[in-house]
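Data block below; observations after.
Every chain is numbered from 1, with letters handed out A, B, ... down the list of sequences.
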There are 2 protein chains.
Amino acid sequence: MKPLAKPVEELPREQLPHHEDPRCVPVRRLLQTVGSKWCSLVVAHLEYEPRRFSDLKRSIGGVTQKSLTATLRELEKDGLVNRVVTPSIPPRVDYSLTPLGRTLLVPLKALTNWAIENEAAVSSARERFERENGPD
Amino acid sequence: MKPLAKPVEELPREQLPHHEDPRCVPVRRLLQTVGSKWCSLVVAHLEYEPRRFSDLKRSIGGVTQKSLTATLRELEKDGLVNRVVTPSIPPRVDYSLTPLGRTLLVPLKALTNWAIENEAAVSSARERFERENGPD
DNA sequence: CGGAATCCTTCACGATACTG
DNA sequence: CAGTATCGTGAAGGATTCCG
């Protein structure tokens, strides 16, 4: 049998990123940001239209004002979310996705869709794991 | 001027997930898993070939045995990683991606690529934010 | 070699109260 | 309305030690 083009063992392992690789820094920061408890819901709720703070808080539900503020600040820092203050009485603050934030939407939705599509496979894997290794 | 098909205000806001929406559960679990400190590096190092524990630990670098074990266990629970024990002396344990884990690779790499491609935009946004709101 | 067990620090997040 | 300030908690992660 003819050998394949290149045995797996000879693939460029030395190109794999060490944890000090500079490319790891932005990747880890992004993943930790989107992995924070409320980030994905906030982004989802900003997809179609700008939203006011308490509007966002009410329609997401279960989030404290502090956590929502922190999540929005983090997204604002990264240039993903725009914050527009209208100094009226009562004050009004609108949040929306920036163009940069919109480009993130594509790969982020791909990942969340994976989670939904493979939910059954993952949870049955977890049940199997608990059967074999104890429910500790 | 002819009105567009549907004003933004009439988009299906009621379809946006409330935090108690059952679909949120697997999404948040996955995002938190991939957002954990070492997950992305571990998955990247398993992409091309199975790896032994200390091999993995050495080539990733900077990770403690405890954190590496915890990360691998979590991935194993979710059915993304396979753990194969060879009871020799000294013992040998090989980790590899399952077929399910391989399918995750696609959307996950899309997201990490976004982070790398937009690193400049994000970090300049952060600098701007600090200039305007103080480096506190 | 591949862990488990233990201790310790940090930090994300929630609850609550107060303010321009 | 849209925050800030403060306090308390659990969970994540690091350092170290011991084991089959």
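- Among the heavy atoms of the strands lying under 4.0 Å from B:S36 are primed sugar atoms or P, OP1, OP2 only; no base atom is included.
- Overall bending of the helix from C:dC1-D:dG20 to C:dG20-D:dC1, expressed as the angle between end axes built from five pairs apiece, is 40° (10° steps).
- Straight-line distance from the CD atom of A:E76 to the P atom of D:dA2: 15 Å, rounded to whole Å.
- When all heavy atoms of B:L41 and A:P17 are compared, the pair lying nearest together is CD2-O, 3.2 Å.
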Between side-chain atoms of residues 25-33 of chain B and protein atoms elsewhere (two or more places apart, or another chain), which donor-acceptor pairs fall under 3.5 Å?
| unit_1 | atom_1 | unit_2 | atom_2 | d |
| --- | --- | --- | --- | --- |
| B:R28 | NH1 | A:K37 | O | 3.0 |
| B:T33 | OG1 | B:R29 | O | 2.8 |

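- Between B:L75 and B:C39 the shortest side-chain heavy-atom distance falls below 4.5 Å.
- DNA chain D is contacted by both A:Q32 and A:V93; A:V93 maps to the nucleotide lying nearer its 5′ end (nearest heavy atom per residue).
- The phosphate of D:dG13 has neither OP1 nor OP2 within less than 4.0 Å of any side-chain N or O from A:R28.
- Contact of the A:R126 side chain with the B:D78 side chain is registered, since non-hydrogen atoms from C-beta on lie closer than 4.5 Å.
- Rounded to an integer number of Å, the gap from B:E74 CD to D:dA11 C1' is 12 Å.
- If you take CG on B:L104 and CG on A:L111, they are separated by 6.5 Å, rounding to the nearest 0.5 Å.
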Side-chain donor/acceptor pairs under 3.5 Å, residues 113-125 of chain A, sequence neighbours excluded:
| unit_1 | atom_1 | unit_2 | atom_2 | d |
| --- | --- | --- | --- | --- |
| A:N113 | ND2 | A:K109 | O | 3.2 |
| A:W114 | NE1 | B:T103 | OG1 | 3.0 |
| A:N118 | ND2 | A:W114 | O | 2.8 |
| A:S123 | OG | A:E119 | O | 3.2 |
| A:S123 | OG | A:A120 | O | 3.3 |
| A:S124 | OG | A:A120 | O | 3.4 |
| A:S124 | OG | A:A121 | O | 3.1 |

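- In this entry the distance linking CH2 of B:W38 with C1' of D:dG14 reads 10 Å, nearest Å.
- Side-chain contact between A:E49 and A:R51 is present, with at least one heavy-atom pair separated by less than 4.5 Å.
- Put simply, chain A comes within 4.0 Å of DNA chain C, heavy atom to any atom, from C:dC13 to C:dG20, going 5' to 3'.
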Donor-acceptor pairs are to be reported for all side-chain atoms of residues 91-99 of chain B against protein atoms at under 3.5 Å, with residues two or more places apart or in another chain.
| unit_1 | atom_1 | unit_2 | atom_2 | d |
| --- | --- | --- | --- | --- |
| B:R92 | NE | B:D94 | OD2 | 2.8 |
| B:Y95 | OH | B:R83 | NE | 3.3 |
| B:T98 | OG1 | B:G79 | O | 2.6 |
| B:T98 | OG1 | B:L80 | O | 3.2 |
| B:T98 | OG1 | B:L100 | N | 3.4 |
| B:T98 | OG1 | B:G101 | N | 3.0 |

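- The NZ-P distance, from A:K37 to D:dA12, rounds to 12 Å in whole Å.
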When every nucleotide of nucleotides 15-20 of chain D is labelled 5' to 3' by its protein contacts under 4.0 Å (heavy atoms), B for base, S for sugar-phosphate only, - for none, what sequence of letters results?
B----B

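- Contact of the A:W38 side chain with the A:L68 side chain is not registered, since no non-hydrogen atoms from C-beta on lie closer than 4.5 Å.
- Using a 4.5 Å heavy-atom threshold, the side chains of B:H18 and A:S59 count as separate.
- Close to D:dG3, at under 4.0 Å from its OP1 or OP2, lies a side-chain N or O of A:Y95.
- One atom, CZ of A:R92, and another, P of D:dG3, lie 13 Å apart when rounded to the nearest Å.
- Between B:R52 and B:R73, the one whose closest nucleotide on DNA chain C sits nearer the 5' end is B:R52.
- Counting non-hydrogen atoms of other residues, nucleotides and ligands closer than 6.0 Å to CZ of B:R102 gives a total above 12.
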